[in-house]
Amino acid sequence: MTITITAFERSPDGGKGLARDTRVRWALEEAGLPFKVRHVSFRAMKEPAHLALHPFGQIPTYEEGNLVLFESGAIVLHIASRHAGLLPDDADARARAITWLFAALNTVEPPILELSIAKVLEGDKPWNEARMPLVKDRVRARLAQLSARLGAADWLDGAFSAGDLMMVSVLLRSRPSGILDEYPNLAAYAARGEARPAYKRAYEAQRRDAIAAGSPG
Ligand code: GTB
């Protein structure tokens, strides 16, 4: 069955792989599944055809036959649940890997997202300069906890899993701020994720798309 996902027609990051289609592409590459990408403009995202796929008018979406999914976490979990390579066979280890996937989305990503919003959407506000250190410290607080848990391990719980895929994807969004590099084991962990052939294929494909769409790249 053909799998089709959606991605930005013109990614605002110019192909740095930070938009949320990259994590879905990565999961599909890890699972060895062929897929198509449909590119949507910001305007098209808010039109009825796309809203029928995604109630909030965003990317990514996932179509597979009659199944339509949105939310990058749900899509990655769906791929990982149905195909080998992203979740352990042992039931307890599987539950722990899924826990890390949720931790990435619900506990680590929110302060990182808040930092992006503070920079991109609130940079011109008179209170931004006073608030920014607080926002950055909230990111540091989470990364310090994660760094302590990861320690010297390669991955969060045994072998690489969908939990690592999501955590690395989330951490990469904190790298432009310089904060990720304050935690050398997390920076190395993210680099291990980026070094995976499946990540490289996903990254290169979204970058090619961004360049083809006319972004500086
Ligand atoms: N919770 C949803 C999920 O995980 O799938 C969130 C989806 C989401 O935020 N999608 C964004 C979107 O469609 C793209 S990824 N935005 C358009 C809109 O809401 O109108 C967020 C994103 C955007 C840009 C960058 N960047 O430039 O670095 C990074 C991430």
Side-chain angles (χ1 to χ4, degrees), residues 3-28 35 37-64 67-81 86 98-123 135-136 139 142 162-180 190 193-194 199 202-217:
I3 294 171
T4 304
I5 67 166
T6 51
F8 281 131
E9 184 178 71
R10 269 173 177 265
S11 184
D13 73 353
K16 293 191 177 67
L18 299 177
R20 286 183 175 91
D21 59 294
T22 302
R23 54 188 69 170
V24 172
R25 293 174 188 255
W26 185 7
L28 288 164
F35 61 98
V37 181
R38 191 169 61 248
H39 295 96
V40 284
S41 65
F42 277 95
R43 201 191 54 188
M45 268 181 233
K46 310 301 175 201
E47 288 174 352
H50 189 75
L51 286 169
L53 306 177
H54 196 308
F56 308 114
Q58 296 183 313
I59 60 97
T61 59
Y62 176 99
E63 293 159 75
E64 183 184 6
L67 176 66
V68 178
L69 298 175
F70 57 95
E71 284 297 330
S72 59
I75 297 169
V76 169
L77 183 54
H78 168 76
I79 296 164
S81 302
L86 282 165
I98 293 170
T99 299
W100 279 115
L101 184 147
F102 276 88
L105 293 169
N106 289 348
T107 303
V108 180
E109 191 165 47
I112 293 174
L113 186 58
E114 195 188 355
L115 177 57
S116 303
I117 290 169
K119 276 189 186 158
V120 177
L121 301 180
E122 299 168 355
V135 175
K136 287 185 171 174
V139 176
R142 277 291 177 255
D164 294 298
L165 182 152
M166 196 56 81
M167 192 64 83
V168 167
S169 300
V170 162
L171 289 177
L172 288 173
R173 288 195 70 180
S174 72
R175 194 159 59 186
S177 70
I179 296 179
L180 182 62
E194 289 178 298
Y199 177 86
Y203 176 87
E204 287 306 331
Q206 64 75 39
R207 186 173 151 75
R208 268 196 307 275
D209 289 353
I211 290 168
S215 125

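Remember, it's 1-based here, ligands and their atoms both numbered in the order they're listed. Quick caveat: nothing in here was measured; it's all calculated off a predicted structure.
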Whether [X] lies under 4.0 Å from ligand 1, heavy atom:
X	result
F8	yes
K16	no
R173	yes

So is there a nitrogen or oxygen of [X] less than 3.5 Å from a nitrogen or oxygen in ligand 1?
X	answer
I59	yes
D13	yes
R23	no

Taking heavy atoms and a distance under 4.0 Å, where does F56 meet ligand 1: side chain, backbone, both or neither?
neither

Can you tell me which portion of F70 lies within the under-4.0 Å heavy-atom range of ligand 1? Options are side chain, backbone, both, or neither.
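Within the 4.0 Å criterion, F70 makes no contact with ligand 1.
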
Can you list the ligand 1 atoms lying under 4.0 Å from a non-hydrogen atom of F42?
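Per the distance check, 17 (C).
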
Please list, in number order, the atoms of ligand 1 under 4.0 Å from a heavy atom of P60.
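So the atoms of ligand 1 that pass are 5 (O).
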
Contacts of type ring pair (Phe, Tyr, Trp, His ring centres under 6.0 Å), residue H50, not counting sequence neighbours:
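Ring pair (Phe, Tyr, Trp, His ring centres under 6.0 Å) list for H50, sorted by chain: empty.
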
Checking the side chain of [X] only, and the main-chain atoms of [Y] only, is there a donor and an acceptor separated by less than 3.5 Å?
X	Y	answer
Q206	G15	yes
D164	V168	no
S174	L171	yes

Sequence-distant partners of R20, side-chain contact (heavy atoms from CB on, under 4.5 Å), two or more places apart:
R23, P60, S72, E109, L113, R173

Who's the nearest protein heavy-atom neighbour of [atom], and how far?
atom	result
atom 18 (C) of ligand 1	K46 NZ, 3.4 Å
atom 29 (C) of ligand 1	L18 O, 3.5 Å
atom 21 (C) of ligand 1	R20 NH1, 3.3 Å

Beyond-backbone contact of E114 with V135, side-chain heavy atoms, under 4.5 angstrom:
yes

